[in-house]
Amino acid sequence: MSANSLNAQSVTVPAAAPRPWDQNPNGMRIYIWVGLKSHYAGQHDYPQFLADWSKILTDHGAVVDGALHAPRAADLEHTDVVIIYKGDAGYLADDEKAALEAFVKRGGGLVSLHDSLCGPDPAFFATLVGGGKKHGEVNYTLEAPIPYTVVDAAHPIMKGMSNFTLDDEAFYSMTWAHDPGIHVLATTVIPGTPSAGVHKGEVVPQIWTYEHTVPGGEPARAFAWMQGHEYANFSNYQIQQMLLRGIAWAAKKPVDSLVDYVPPEQPHAGK
């Protein structure tokens, strides 16, 4: 058979699978980047976050993708915001780094949770999310009461957020972005654990936003929450509402769009 004959043949394109009735095709597009489970039971449960928050965010009208690997350029092509919950996410291969930098340059949003901002080059990661933590340094409280002081109660992400205490972990020695710097939403007073040492009593940002523009690019946003050592804290109502708003804010969507999403009514049987 000649090439012309082959070209003349009709090509059957398989029909796309029907979308479940309750999924929102026009929702914000979110990529969740997680790592393998680490630490003790109930701590750093990155894979469980991917499972739980894929459902939570879909229920709140988002279109969710994610994996246990850094997003590739193709993954980011139509993504509004990347949520990172992975220990030492600052260890990036050259292609991973290039993909994230290109995503941020075009205005893509980032959400950094707990130790995602840790790596070998905290100054670089600070250019993405506003702050970075050097891997290998003693820079943690371990499990301890972490009291929040809300610094900017008027910020829409912090709607309904009060001063309260979580049992979790805090970091204190950070490399911060400059020109512009972060916008602090909440701080904590570092508790006097053995690992905190002389840092006891220091006031350190734990929740913040970061807005910046890469030269030649579009304005980009990042939101960071430094807790999440204890996985149960993701179920705390105030934290969950804050995260939903922070994700939407980083994606440049209306800040309450996930919180206030109303799913469609279930169709009648037979339709």
Side-chain angles (χ1 to χ4, degrees), residues 24 26-32 49 52-64 79-85 104 107-114 116-117 128-131 145-171 174 176-177 180-189 203-212 219-264:
N24 177 18
N26 300 315
M28 73 180 71
R29 296 185 174 269
I30 299 173
Y31 187 96
I32 303 175
F49 179 87
D52 291 343
W53 279 75
S54 292
K55 182 179 187 306
I56 289 169
L57 290 166
T58 300
D59 288 347
H60 283 82
V63 179
V64 183
T79 294
D80 296 309
V81 59
V82 176
I83 303 171
I84 313 173
Y85 184 46
V104 171
L110 296 176
V111 172
S112 175
L113 305 176
H114 195 44
S116 301
L117 42 63
L128 299 179
V129 302
I146 305 300
Y148 287 133
T149 296
V150 176
V151 174
D152 186 0
H155 196 287
I157 291 176
M158 305 304 281
K159 181 180 178 181
M161 190 80 162
S162 62
N163 295 345
F164 71 102
T165 298
L166 283 178
D167 287 328
D168 207 278
E169 180 180 59
F171 309 129
M174 298 292 297
W176 300 110
I182 65 171
H183 179 77
V184 181
L185 300 180
T187 62
T188 196
V189 176
V203 177
V204 182
Q206 300 294 304
I207 306 170
W208 67 83
T209 61
Y210 179 55
E211 297 184 77
H212 65 121
R221 292 176 169 182
F223 169 73
W225 177 53
M226 282 221 283
Q227 279 58 66
H229 175 75
E230 299 289 345
Y231 186 72
N233 286 328
F234 284 101
S235 298
N236 179 286
Y237 178 78
Q238 289 195 65
I239 294 298
Q240 193 166 108
Q241 296 293 294
M242 177 194 71
L243 291 178
L244 290 171
R245 290 189 172 98
I247 292 164
W249 180 89
K252 300 180 187 173
K253 304 296 183 181
V255 74
D256 287 317
S257 55
L258 292 172
V259 170
D260 292 343
Y261 176 72
V262 177

Notebook entry, point to check: Mind checking what makes side chain to side chain donor-acceptor pair (under 3.5 Å) contact with Trp225, not counting sequence neighbours?
Noted result: Tyr148
Check: Which value, rounded to the nearest 0.5 Å, describes the distance between Asn163 atom CG and Thr149 atom OG1?
Finding: 5.0 Å
Check: Would a distance-only check, ignoring hydrogens and angles, find a side-chain to backbone donor-acceptor pair under 3.5 Å from Asp80 to Arg29?
Finding: yes
Note to self: Working to the nearest 0.5 angstrom, can you tell me the gap between Leu113 CG and Asn233 CG?
What the structure shows: 12.0 Å
Note to self: Testing the basics here: between Ile157 and Gly246, what is the closest heavy-atom pair and its distance to 0.1 Å?
What the structure shows: CD1-CA, 3.8 Å
Notebook entry, point to check: So do Leu258 and Arg245 actually touch side chain to side chain, heavy atoms under 4.5 Å?
Noted result: no
Next item on the list: Keeping the roles fixed (side chain from Gln240, backbone from Phe234), state whether a donor-acceptor pair exists under 3.5 Å.
Entry: yes
Item checked: Minimum heavy-atom distance between Ala170 and Thr188, given as atom pair plus value -> CB-CG2, 4.2 Å
Note to self: Is there a side-chain contact between Tyr210 and Leu110 in this structure, where contact means two heavy atoms from C-beta onward sitting under 4.5 Å apart?
What the structure shows: no
Check: From Tyr85 OH over to Ser112 OG, what is the distance, rounded to the nearest 0.5 angstrom?
Finding: 11.5 Å
Note to self: Do Pro180 and Glu211 make a side-chain contact, defined as non-hydrogen atoms from C-beta onward lying under 4.5 Å apart?
What the structure shows: no
Next item on the list: Have a look at Val259 and tell me which of Lys159, Gln241, His60 forms a side chain to side chain contact (heavy atoms under 4.5 Å, CB included) with it.
Entry: Gln241
Next item on the list: Please confirm whether the backbone N or O of Trp249 pairs with a side-chain atom of Arg221, one donor and one acceptor, at under 3.5 Å?
Entry: yes
Next item on the list: Provide the closest heavy-atom pair for Pro156 versus Val255 in the form atom of the first, atom of the second, distance.
Entry: CB-CG1, 3.6 Å
Next item on the list: Enter the distance from Leu244:CG to Asp260:CG here, rounded to the nearest 0.5 Å.
Entry: 10.0 Å
